[in-house]
Structures are given as C-alpha cells and as structure tokens.
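Owing to the predicted nature of the structure, the values given are computational and were not obtained by experimental measurement. Each ligand, and each atom within it, is numbered from 1 in the order the structure gives.
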Amino acid sequence: MSQIKFSVSNTNSKAKSGAVVVIGAAPVGEKVQLVGSDLLSTSELKSLGVTGKPETLTRTLAGGQSVAILGIGSDSPDVDSWRELGGFLGRALSDVDALELQLPLTDSAAAESVLEGIALGSYSYAGKGKQPALSSVHLTTALSVDKKSLKRVTVLAQAVKETRDLAATPANELYPSHFAKLAEGAAEKHGLKIEVWDEKKLAKDGFGLIAAVGMGSVRPPRLVKLTYAPKNAEKHLALVGKGITFDTGGLAVKPLGGMLGMKYDMTGAASVYAAILAIAQLKLPIHVTAYLCLAENMPSGSAMRPGDVFKARNGKTVEVTNPDAEGRLVLGDGIAAASEERPDLIVDVATLTGAARIALGVRYTGLMGSAAAVNAVKQASQAAGELVWEMPFAKEIRSYIDSPVADLQNSKVGSSFGGMLVGGWFLSEFVGNKADGTKLEWAHLDIAGPADNEGSAYGYTPKGPTGVMVRTLVNLAEGMCA
Ligand code: BES
Ligand code: MN
Ligand code: ZN
C-alpha cells in the first residue's frame, strides 16, 4: 500500500525538491489575492483566470516553481471546509509526486483536517492497478502539529481506504470465508485476538439467523469476532457490522437494477473491521470487540423460504417474511453475541434499508438507538464531519413485526412505510440487558445511502464506496477514553 508521508515545519526547506507548491487564493472585493504570499500579483492572477472560489485550482509556473493556486473562498475555511478542500486537492493533484502546502491555516485542527482531506481524496481502488502518485505532503506553517496527530491522520486515511477497497472488491473474490481469512491475517499482524465461527459452529452455538441467511449459498457464512483489549482499558465498545458479501435478495430475488450494487452490502462489516484495526494501531486505551456478520444471500434449493422460522442466539424465534431483509437477521445474532459481554456501548453499522435512501438521501446516515448512545455518536460524527440524522422509535412499528408463529418477523408484509424504522426496531430486539436489567446502550447506523457515492466525486469523497462512518467510529472510541 502506498501511503502519503506527511511532514510539517516552519520552513519550506524540508519539502521535497520539485514539489508542487499549493497556495491559497481568495476574492477580496472585486479582486483576487494570494493569501499570505506575494508570488503572483493581482493582475497576474487575473490574467490566469483565478477566481479564488472554493474548489478551483489553477496551475502555473512562478518564481521557478510549479505552483497550484487553490481557491479557498472569501470566508476563512473552518475545519470541515479544510477537509473538503484537502479532498479536492487530493483528487486534483493525485498524479503529482510531492506537494508543499503554504495555506492560511488558523490552528492545528485545520492543519490536520486539510492533510486528512488530501489523504482521503487521493484514493483510488487498489484492484484497479494504477495508484495515486502522491507520496509526500509537506506543510509549511508556524503552527505546531505533533507526530501523534500526523500518525492519526495516516491511520484514519488507511482505515477509510481499507473499507473502500473491501467494499469495491467484487463478490466473486470477497466472500465470507475469504473475508474471515483476511481478518485472521490482520489480527496476527496487529496483535488482536480473533475467533471465527464456520457454518457448523454457527449452528452448534445457536447463531440460527446467520446460519439461515448463509444456507442458500455454496459459500458458507462466517461470524468473526475480533478483540482488542489493552491492559489500560476502562471502557468497552462493541462494534457489529453487516457483512452480506452479496445480496441477491435470496428467494425474493432482486431485479438486476437493484442487485447491481449489492457487492457493497458488506460495507458495515468492512467499516467495523477497519475501525478496530485503526483503534489498535493508535493504541487507544479502550477495550473494543468487532463482530463481522458474514454471509452471502443467494436463492437456491437450500435457501431460506418465506415463512421459515429460525432461532436467534438470544433465544428469540424469527419468522422470515422476506428473505431480502437479511441484514437484520445476521445483525440480530451479532448484536445478541455482542451483548453477552455487556459492553458499555454497542454500535452496529449496516447498509440495512433502501428506505434509508428514500428518507434521507445519499449523504446522511440514519441513526437510531438509546439516548446516551445516540448522543455519543452524534458528537463523534460531528468531529469527523460526517452527517447523521436521528430517526424515531415510532410506537406503531412493533406491531408491524408481530408474527403469528414466532416471537417476531423480519419485515412487514405488504407495506414498506417507515422501512428504516422497522429495520432499527427489529435490531433493538436483540440488544441485551445490563446487570441491573435495563437495556445496554446501543446505536444503529444505517449507511445504505452514504456508503456508496453513485454520483461524481466531491470534496474528499470519491465515486463508489466512501468509507463513511469509519472515522466517526474511531472518534467515538477516542471519546470513550477521555
Ligand atoms: N441491502 C439491502 C438494502 C439496500 C438497498 C442497501 C439499496 C443499499 C442500497 C437490504 O438487504 C434490503 O434488501 N432491504 C430491503 C428490506 C425490505 C425487504 C424490508 C429493502 O430495503 O428493500
Ligand atoms: Mn436484502
Ligand atoms: Zn442487504
């Protein structure tokens, strides 16, 4: 993996020779000026057509150097804008080997943000062959940015890249046992404990829902539990990810248009996987477990049928009224398993419902859960610049999933109203109790909208898999250490 090397100093002498120098430009009244540099005059900028508008870039030669003039707008950018501007730079200049930044950053948070944006924006899918050329970024500034922050930026960008790469990997290459193998390699490399349930052990240990979803495929299901437990940990965070390596809809087979993107249906599992690896690399003093609920949802002679009933890990029985509502099934078992250790907080991440895309569009993650958990996630997401929107536990929803033959059913028959809420409510039925009998803290993230950017790239977000919520999860862990 090619990783960008970041450096910071108050002189440009440490920058790689031949680096492209990035200078900010902003509109000032009717004119445009470079900010903090007099390398080019107002009239030169005018003749180059520089507007100073955000996310514009003009490349030229000045003072014997290759210069890239970045429009930053008339308002001083905030931390989120710097991340987006960085992303824009990373995309626009990913073919350049080295950059030197001379930007009007007001504090170290802004500095970290622009670097993070560059690292996130310069992404391209590892399987595509051609990788970004960008190998070093030097930031010339009087601000102090410590080694630890640079390491954090690098680790976060790597985690997002890992998620995007896994999501983009075709389902014929990435299937449950293969994902589990990758996790075994990573666990060994980063010193995590790992436990893998294969289809036999899943059945034996009562994971009836993961087993049910996986039984239609010749590629059997897996449950992977990763544990990072440093000695200095006080709190315990459990992460649960939906890892449907391909979702055909099962016997409720999707039409081609709806099935096409379904290799991405394991993005939740990829996100929690990348997050726990990042948390371990940052050596955060927190106990984290990650459950990857891996299965391929296929129609076949051995697939689960509408009307079949299965018993979950927590003992509840579930009638499968729709084999295409498979994510909540595998997560039900995963959340139940995570609950057994009574962590301080459980967060699940899933491309759970098409309804989330209808309700919230493609940039907001749907958020449901207990009040404290929801607040913690909101805070963490805000710091990451990732958008979440809280959805309600509407009273009428429970009756939608009453089953005549089991404790609950996995979807309402004949109506898709409130589909995101039904999914979230279903999952809540698998959250276990604290020692005092009250429910464990739990939050659910429905990333069906923002996990995949079907449109064109913007800011630090490429076309295709985005790696959304990975940085939020790491922030959340950091917040629990404080
Ligand atoms: N993986 C899909 C949800 C999805 C749809 C994610 C589109 C990304 C883009 C999920 O398994 C699914 O099929 N959900 C059904 C639920 C329904 C059957 C209750 C849906 O949203 O239609
Ligand atoms: Mn489905
Ligand atoms: Zn699915």
Side-chain angles (χ1 to χ4, degrees), residues 167-168 171 174-176 209-210 212-214 216-217 221 240-271 292-299 303-308 318-334 348-366 368 391 397 400-401 403 408-427 429 444-455 464-466 468-469:
L174 186 71
Y175 42 91
L209 303 186
I210 298 177
V213 173
S217 173
V240 185
K242 170 176 174 180
I244 300 299
T245 59
F246 197 76
D247 182 11
T248 62
L251 289 177
V253 63
K254 290 177 186 288
L256 177 61
M259 200 189 295
L260 196 53
M262 285 302 140
K263 68 173 181 179
Y264 296 146
D265 215 20
M266 36 52 70
T267 303
S271 305
L292 319 184
C293 307
L294 305 170
E296 188 178 49
N297 190 23
M298 297 292 275
M304 58 183 177
R305 289 155 288 248
D308 281 358
V318 180
E319 181 188 5
V320 178
T321 45
N322 193 330
D324 197 11
E326 83 298 336
R328 63 198 68 181
L329 295 175
V330 298
L331 286 173
D333 269 350
D348 77 76
V349 187
T351 48
L352 201 70
T353 64
R357 292 148 59 94
I358 292 168
L360 295 178
V362 293
R363 294 206 183 177
Y364 277 81
T365 292
M368 292 175 76
M391 303 301 293
I397 300 288
Y400 291 9
I401 50 175
S403 163
L408 67 167
Q409 61 190 34
N410 75 335
S411 76
K412 178 168 166 69
V413 179
S415 159
S416 58
F417 288 0
M420 178 170 22
L421 316 186
V422 179
W425 193 302
F426 183 92
L427 297 180
E429 297 275 335
H444 159 58
L445 293 168
D446 192 334
I447 57 168
D452 171 34
N453 174 24
E454 286 174 16
T466 61
V468 71
M469 288 298 129

| Heavy-atom count around Phe246 CZ within 6.0 Å, excluding the residue itself: above 12? |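 It does: Phe246 CZ has more than 12 such atoms within range.
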Could you check whether any side-chain heavy atom of [X] comes within less than 4.5 Å of a side-chain heavy atom of [Y], counting everything from C-beta outward?
X	Y	result
Asp446	Met391	no
Asn297	Met304	yes
Lys254	Thr248	no

| Rounded to the nearest 0.5 Å, how far apart are CG of Leu294 and OH of Tyr175? | 12.5 Å
| message | I need the Gln409 CD to Ile401 CD1 distance, nearest 0.5 Å. | response | 8.0 Å
| Taking atom types as modelled, is there a side-chain donor on Thr267 or Thr351 under 3.5 Å from an acceptor on the other? |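 Distance-only check fails for Thr267 and Thr351.
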| message | Can you confirm whether the side chains of Thr466 and Asn453 place a donor and an acceptor under 3.5 Å from each other? | response | no
N, O or S atom within [X] nearest to the Zn ion (ligand 3), by name:
X	result
Asp265	OD2
Glu326	OE2
Asp247	OD2

| Check ion pair Asp348-Lys242 (N to O, under 4.0 angstrom) | no
| Is Arg357 salt-bridged to Glu454, cutoff N-O under 4.0 Å? | yes
| Is there a side chain to side chain contact (heavy atoms under 4.5 Å, CB included) between Ile244 and Glu326 once you walk through the steps? | CA-CA 8 Å; Ile244 300 299; Glu326 83 298 336; 3.5 Å; yes
For ligand 1, output the ligand-protein N/O contacts shorter than 3.5 angstrom; if there are none, return none.
residue, atom, partner, partner atom, Å
ligand 1, 1 (N), Lys242, NZ, 3.3
ligand 1, 1 (N), Asp247, OD2, 3.2
ligand 1, 1 (N), Asp265, OD1, 2.9
ligand 1, 1 (N), Asp265, OD2, 3.0
ligand 1, 1 (N), Thr351, O, 3.4
ligand 1, 11 (O), Lys242, NZ, 3.1
ligand 1, 11 (O), Asp247, OD2, 2.9
ligand 1, 11 (O), Asp324, O, 3.1
ligand 1, 11 (O), Glu326, OE1, 2.9
ligand 1, 11 (O), Glu326, OE2, 2.9
ligand 1, 13 (O), Lys254, NZ, 2.8
ligand 1, 13 (O), Asp324, O, 3.0
ligand 1, 13 (O), Asp324, OD1, 2.8
ligand 1, 13 (O), Asp324, OD2, 3.2
ligand 1, 21 (O), Gly354, N, 2.7

| message | Strictly under 2.8 Å, is the Zn ion (ligand 3) approached by any N, O or S atom of Lys242? | response |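 Looking at Lys242, which is the residue asked about, there is an N, O or S atom under 2.8 Å from the Zn ion (ligand 3).
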| field | 2.8 Å cut-off (strict), protein N, O or S atoms about the Mn ion (ligand 2) | value |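 Considering protein N, O and S only, the Mn ion (ligand 2) has 4 within range.
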